Structure formats: C-alpha cells, structure tokens
Amino acid sequence: MTPKPSGRKKLPLGAVMVLHALARGHRYGLDVMDQTGLTSGTVYPTLERLEKRGFARSSWEDAEVAHEEKRPPRRYFEITPDGKAELIGALDRYKALAPLTIDGVAYPGGAEPA
Amino acid sequence: MSGHGIPRLARWIVALTGSLVPRRRREVWRRQWEADLQHLDAGGAGAWRTIRFSMGSLPHALYLRREEGTMTTTIRGFLEDLKRSVRALIRRPGFSLLTVLTLAVGIGTATAVYSLAEAILFRPLPLPEADELTEIVSTHPARGWNRLGVSYPDFRDLTARDDLFQSASFYQTAERDVAGDGGGAGAGAPRRLTLATVHRGFFETLRPRVALGRLLVEADQEAGAPATVVLSDRLWRSRYGSDPDMVGRTIRLDGVPHTVVGVLEAGQGVPVWAEAWVPLQFGATPPEWADRRSNHTWQVVARLEPGVDVDDADEQIRAMARSIYQGPVEERDRGMEATVLPLRAMQVTASEERLFAVMGLAVLLVLVIACMNTSGLLMTHLSGRARELSLRSALGASRGRLVAQLLSESFVLALAGGALGTVGAVVGMQQLLRFGPPEQVGFLDIRVNGIVLAGAVGLSLLATVLAGLLPALGAAGDSVAEGLKEGTSGSGAGAGSKRLRSGLVVAELALSVMLLTGAGLMVRSFQQQLAADPGFRSEGLLSFSVRLPEARYGDDALVRQFYDRAVGRLETLPGVRQASAASALPLGGPGVELTRAFAFEGEPEPPEGVTHGAYWIEVGPGYFEALGVSPLRGRGFNPADREGSAPVIVVNRTFAERLAAAPGGPGGPGGRRGGSRGGAERPSPGTDVPEGILGRRIRSVHDESLLREVVGIVPDLQRGGLTGEGSPAAYVPTDQSPRRAMSFLLRTAGDPGAAIPGVRAAMSELDPDVALDQLQPLEAARRAELGGIRLVMALFGTFGIMALILAVSGVYGQVAYSVSRRTREIGVRMAVGATAGGVLARVLGEGARLTVLGLTVGVVLALGFAKLLSFALFGLPWLDPRAMGSVIALLALAAFLATLIPARRATRVDPVEALRTE
C-alpha cells in the first residue's frame, strides 16, 4: 500500500469516483452525478469535502458564456495536482477491484484485462 | 415536464434547506443549486427526478453547516433547552399534566376518527397502480338516485374509449350457500357466502396478487366451461384453515361443484367484502336478459390509461352517457347519467357522507378546543413567569435565548401530548370499531394513519408554539423594567392578554354547548328509537333466512313444498309455539323488501313520479299470528289462500290510507275523503281505518298485473331497527307468489337462543346443503342494525363530554388565575372593610360573565349545528328545547362549581398575609 501524500484519512470509494470524474474533465455537480451514478446528496457534499482537502478547486463559469447560453453561470470544479496524486494512490488501492471473472463472464464486460 | 419549468416543490426544498447553510456560504450555495436545477430542467428531466435531485441539497447544506461548526452549537443549545424545559415542566406537574392531557385528548380523538374515515373513504385499494382504478356508476340526479349499477349496453359504449381506459370489466355481488362438505379442513355447517360474479377481464383490470394458484382467465368465462372459483384470503383462512392444498379442490356452491383455482392475498379483493369470485359465463355475447339498456345492475370497474385524470375521464363519460340517454331509451331511464369515481374500499351513500362530514367537523372542534385550551393554559402559565423571565433578561439572557427556551417548553408539551394522543388513538380506534357492525368493518385494514397523526400533532404544535411565542416575545421583552414592575405589582399580564384568555374561555364554552347539544339530540333520538312501539311483541322471536338454489328448486311446487314442510317441522320443535315465513321480516330482520307501485282495478298506471308504491312482502300462513298482530279490519291469511284460490292482498294502515286517497279509491277513513295522517302520534287501533278499500281489487303495475282483492288491514310494523313510521306495505300469501329466498320467524316459549340447535338439526334434515343465515333472535338483528347509530352516538357523546371537561377546566383556570393574581387587591379590599360575601359575589360575577357570554354564543352555534344534524335524527325535531335546556343547565352548573372553588379561596384571603407576600 502506498502511503498517501496528505497522510490523512483515506478517501472513501464515493469520493474517489467523484475525483475520478473530475479527472476525466466532468466539471459540475450534475455532470458528475451522471458520470458516477451517485445521488446529488452524495456528490455535492463530496465536492465540498474534496475542495476543503485541497483535491479540487471551484470557480464560477465565465458569465459571458453562461449568458450566451441563457442560463445562470455554473460552479465549476477541477482536480488539483494534490487531487491527482491522491487519485493515483486511491486507484492503486482499489486495483484489487479491477477486472474479475465471475461464473465465466469477465467484469467489467467488453475490455480485456490488460 | 420540460418547458413547464422547475417543479415548485424542488424550488421550495432548495429554498428551505438553503436556510440551514451558514450565511457566509449561502450565496455561493444558492447560485450553484439554482444553476444546476435549471440545467437539469433544460435537459428535460422529469418532475420526480428534479425533486429527487433537489433533495440532495439537504446533505449538502448539513455538510456545510457541520464544517462551519454551527451545527454542534445549535444542536447542543437545543438539547440544553430541551433538558431545561423538561426539568421546568416537571417542577409544575399540575400544569404540565393538564396541558399534556388536553392535547392528548384532542390529538387522539382527531387521529382515531380521521384515520377511520381515511381508511373507508379516501384510501386507494392496495392493488397495483391503484390510482388508475375507477368505478363507473349510473346516477339519476332528478330522482336522487346515485350509485346505481351500469347496464351492459352502457358498459360497452362507455368503456369503448381506449384513449381513456386500458381495460374495464364488471361484476355483480350475489349470495351462494357453500355446502358443508369437503372433508378435511373444510367441514362444518353450510354457510351463506357473499361472492362476486365477474365478467371477463375483471382480474386483468384489477391485477390482484394471488396467494395460491391463479386468477380467473378467459377460458373460465366461456359458456359451459367447468365451474371455477377464486377464494378470498379470509374465507380460505376461516373456513378452510389456510389449507395449502386448496387449489384443485372442489367446493359446492348452491349444490354446484366448483373447482378452486386460486386464493387471493389478503386485502386484494374487489368488492372488499366479497368472499369468493366466480366467472359470469357469458361466452362471446351476454344473454338477452343481461343485455338490456334499462338493466342497471352491473358494477363496473375500469383502469384508466396511465396519465389520464379521473376528472377528465369523468367529464367525458358524463357527456357520453348524457348523449345516450337523450336518444331513444325507455321513458323511465330518461335523465340517467353516469360518472367515474376513484375505486375505494367502500361506496358511501350521500347521507353517510354527510354523517362523516358532520363527525369530521365535531372532531375538528374537539381538536380546536384542545388547542385553545392549551394556548390558554400556556399563556396563563407564562404570564405567571413574567417576573422570572424579566429577571433572566436583566441578568443578560438574550431575547433569542429566552424565546428559544419558551418555545422548547411548548415543543416538549406538544410532543408529550402527541405521544399520549397516539396511544389514545390506538385504543380509541379499537373502541370505535367495537361499536361498528363487524361484517362491515371487519375486513378493513384500519391502523393509525401516520399523516393524520402528523397533522394533528402539527396543529397542536402550532397552537402551543403560537401560544408560547406571543407571551414569550412580550415577556422576553421590550422593557425589562416594565416586566419587573408588573411582577412586583402582582397584577400579572396586561389587559390585552386577559381579554385574549377570556375570549378563549368564551369560545370553549360556546363550542361545548354546540357539541353537547348535538350529543343530546342524538341520544334522545336513539332512545326514541329504542322505545318506539314496533307494532308487535318482538321478544321471544327467532329468525333466520334461507335461499333455495335455483338448480334444485327451479319448480315453484318444490319451493312451496319445502316451506310447507319446514314450517310444519319447525312447529313440532320443543319450545317453538308458532312458525311462519316471509320474504322480509320487520325490525331489521333478514330478507329483502321490494317496492312496487299499485293501481286500482280499471285505473291507468299512475303517471311517472306519482307512485302509489308500497313494500311488497310475501308471507306464509300464520305470519301475523306468529308476530302477535291482529288485523285492524278484515282478516289475515289462512291456509285456504293458496295457489289457485282467489288472489288476495293485505295492506298496512299507511298503505290503506294512501290507497283510499288514490285515483279510483273510496276516499278517506270510513269512506270519507281526505284521510291524511296527521302528526306523529299513532292513532289507536280501530279508529279512522279506511275500511272502504276492503273488497276492492288492486294490481301492482310494473311487474305483475294480477288483480288482488284487499281482504285485510293490519297495523304498521316497524321495518328496520329504526322507525319506519308510515311506510306503506302490502302482504301477499307466499303460496300465491312463491319465492326461493325466504326468512323464517319462530315464536318461542322461552329464550329464543335456546331453540337454535333444534332449528339447525330440523332444517338440516330437510336439506343439508341449505345454509341458515342470520340465525339469531330478532332482537339481535335489531340491535345490530342500531349498532351504526350507537357508534355515532357514542362518538358525539364522547366529544361532548370532552368538550365539557375542557370548557369547565378553562373556566376554572381563568377564574383561579385571576383570583391568584389579585390576591393583593382582594386583601386590600378586605382590609378596608369588604365582606367575604362581597368578595365571593365579585369573583362569582366574573365567572358568570364568561359563562353567560359563552353560553349565549353557544346557543346560536348549536342551533346551526342541530339543523345540520337534523337528517340523522330520524324524524326528531332538530329544535329540541329540552335537550338544549339540559345542556345549558349542565354547563352553567359546571361552570358555577368551577368558579366557586377559587371564589371561596378568595374569601379566605388574609389581608395581612396578602399584603406581606409581595
């Protein structure tokens, strides 16, 4: 097990999923929900928590862009370098969960294990 | 949902939870949620998804709050307040107990009654997608017919709209005797079953769940298919001991073997009281008799297309029915309509609906009184603490802290009242159900309804909080000095709060006059019912009913033979003096009365709307003798009135009078015209009987055109458990009009219950498969019929008594409070020479002012309430000076006693003590 850079509590799976979604470029609450399948009640507090621990940061969307699209500006989140390091460590920890064959079927389906 | 904007509920949720977010971060939070909600909406998410999404704002807000640290302080402060409140309340046990009890009474009563009403009237059945389920009924507003069945042609036309209905079917309830065979777990005497004969598609429409086997399918509905039956959970348990191998077994219904194909899960049946379901084997087309437009006998159930609103469907079906009945239909059906209603456990008639409405009002009044009383108690209590609060405020407690403290006391009180009230509601509902007729409430799954309970607790919470808030704001106060001064002067709260308290007491008194008057009226009408002369000796009579199955008794001769032999056999039983049979028995006994219209020989049928109608009752020889009734004029029936002899008819007094005044009739009593009955008192036998109709021949116009000679006039017999004052009735010999369903009447020598085993054995010898239904003393039938009234009466009585207790405790509290606040003033008065009598008079006068005012307002309200109740009073005048007088006297006396206690305390004030205490 890799010691984590922050040396604090390990991120729970939900937080890792959210961080993972941010790393893939999904930038606001609703989008992250769609990507992770988590509920709003999990995603929004988790984003706050990630921001507080320095793994993510938030900023307001450019008002002009939002105005053009006739909607209020969104609160955008992005992953920080610390967050990336944390994510790598976490993915390493959850590696044990990666591809598995159950009853002759490979999970996750589709891609062959590398 | 897209394009309709964000559901309001979602916006509310976000706005509400936003208030939990620490102020510093609230703006960011709000903008973030607003933006994402809009995005979700623009993406075309449904309302439900948007609402669920918005729920996430609560954990988000709570997280921010926790992070900020505000959470713990708030919670800790609140818990601290609660602890202190509980301690403060325990220190004042009298006040706390009284308040909690008051609230519990209000909450308990309201919860019990509304839960009951909800279960019966408003709750959808526990079937899949039950909100899509509807029933279609025919109505005829001009004639006051509601909830008739639907005819087959109407069913076809009205449910053909596949844009409205996914599927539709119909049923009819019927009775069958299930034979006592079966062996194994299904042994026992034959029993009458209430079942539903159902058309194809019935179960596909309702989609009930089965516990065993299967539902009826298309093949079961074919003409000539093997007879099948689906059992209810209740029947399966009670009669077949929950036999797991029930499916495939054969039971005999009216002697016809039926294969059990399935058992429904509990609560899945429609109608809820049905015990079994058998297919109507119509095949492709119904038989001619079933297919008449005027035959409004089918109970239609229909499942709406998803998304179709009941009201929309109703509007369309109404329009369709109207156009049908404006076309070529039978004259008597003109003006017929149809309506779509949500499918509920019980179809409640209009008058029952009104009864529920009145009851709901009464319950609400009790709750309101309870809340008012609590407010009064709290206000009294808090103004007693004005000094303490001022002191705490002076010592630096913030206004917010004081308000929080007082509110948490209100909260604790309301919560305790709610908890006790819940217990009360559970017990109360069990008590209420005991009064109800078991066959009508037994199948209902009645529990305390959470939403109702929450509503009642919420209302009392609101009342206590409001009551706590007003004085709290005042006490926590603008002016510390003012409060301290008031405290020392001992004059208590200002004139404003005194007026408010007095107003509460007056309102309570007024409401209890209203409720007690209602209760008094109900009790009096009930007593009148019990005391009413039924027209015969009802003691010592035993009754039961039988239905001979058509399959084995299709021939009238067999029916005649059965009844002749049965009566003959029953009369030989020890303890039985006389036996007879009739199609319907008086006093709410078994049987069905049909109404028929009559005309004199040679007269045309009476025009539509003018009916010379009467209950048509077939009776065996010796019927009047068994009842102990002698004819007023002419004769009763004798064995010579047989099939083939001259057709005869006996009428009751009311019908005789109607006939006498009818077209072609001889006119009033003794041949004179104008024989209308006057007043409610029963004329003594033998006077003013319109004997001119004896010997005249009449016919019943719709179903039978046979002319019958009037041979006798008998007194009016009380039909139901309730007076049937002046109901016209006509009796014909059963031998001249045999009927397969009859009720037996036995005059016994001693206790009628003692004859029951003998009766069972004798009837079983005649035909072991015929069930004896409602085998019980006739008085028991009457009592059962009165059960419903007794239930309502018990409710009103309870409400009235509670209102009385609450009102009197209100008067006491108010006067006692006022006396205690004025101890000093009274002391001064006595010191300067006022006598004890003078003080007594002053205090009593204060109580009397409140009482008189309350009673006066109450009388006005009570008059309105009594008028509203009048439909349930069975002919008793709603303006009943005696009932109202006794209520007023009772309340005045109770209020006087409640005033006397503090008044006497006032006279014992020692001037020296009084002046020293403050």
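All values derive from a computational prediction rather than experimental measurement. All chains are named by letter (A, B, ...) in the order of the sequence lines, taking the proteins before the strands, and each is independently numbered beginning at 1.
Looking at B/L58, neither its backbone nor its side chain comes within 4.5 Å of chain A, counting heavy atoms on both sides.
Judged as a salt bridge (charged side-chain N to carboxylate O under 4.0 Å, His left out), and not counting sequence neighbours, B/R52 has no contacts. Judged as a side chain to side chain contact (heavy atoms under 4.5 Å, CB included), and not counting sequence neighbours, the contacts of B/E305 are B/Q166, B/V308. Qualifying side-chain hydrogen bond (donor to acceptor under 3.5 Å, both in side chains) partners for A/R75, counting only residues two or more places apart in sequence or in other chains: A/E48, A/E51, A/S58, B/Q32.
Note that CH2 of B/W33 is 5.0 Å distant from OH of A/Y44, once rounded to the nearest 0.5 Å.
Residues of residues 27-42 of chain A lying under 4.5 angstrom from chain B, judged on non-hydrogen atoms, are A/Y28, A/G29, A/L30, A/M33, A/D34, A/S40, A/G41 by number.
The heavy-atom pair separating B/A35 from A/R74 by the smallest distance is CB-CA, 4.0 Å.
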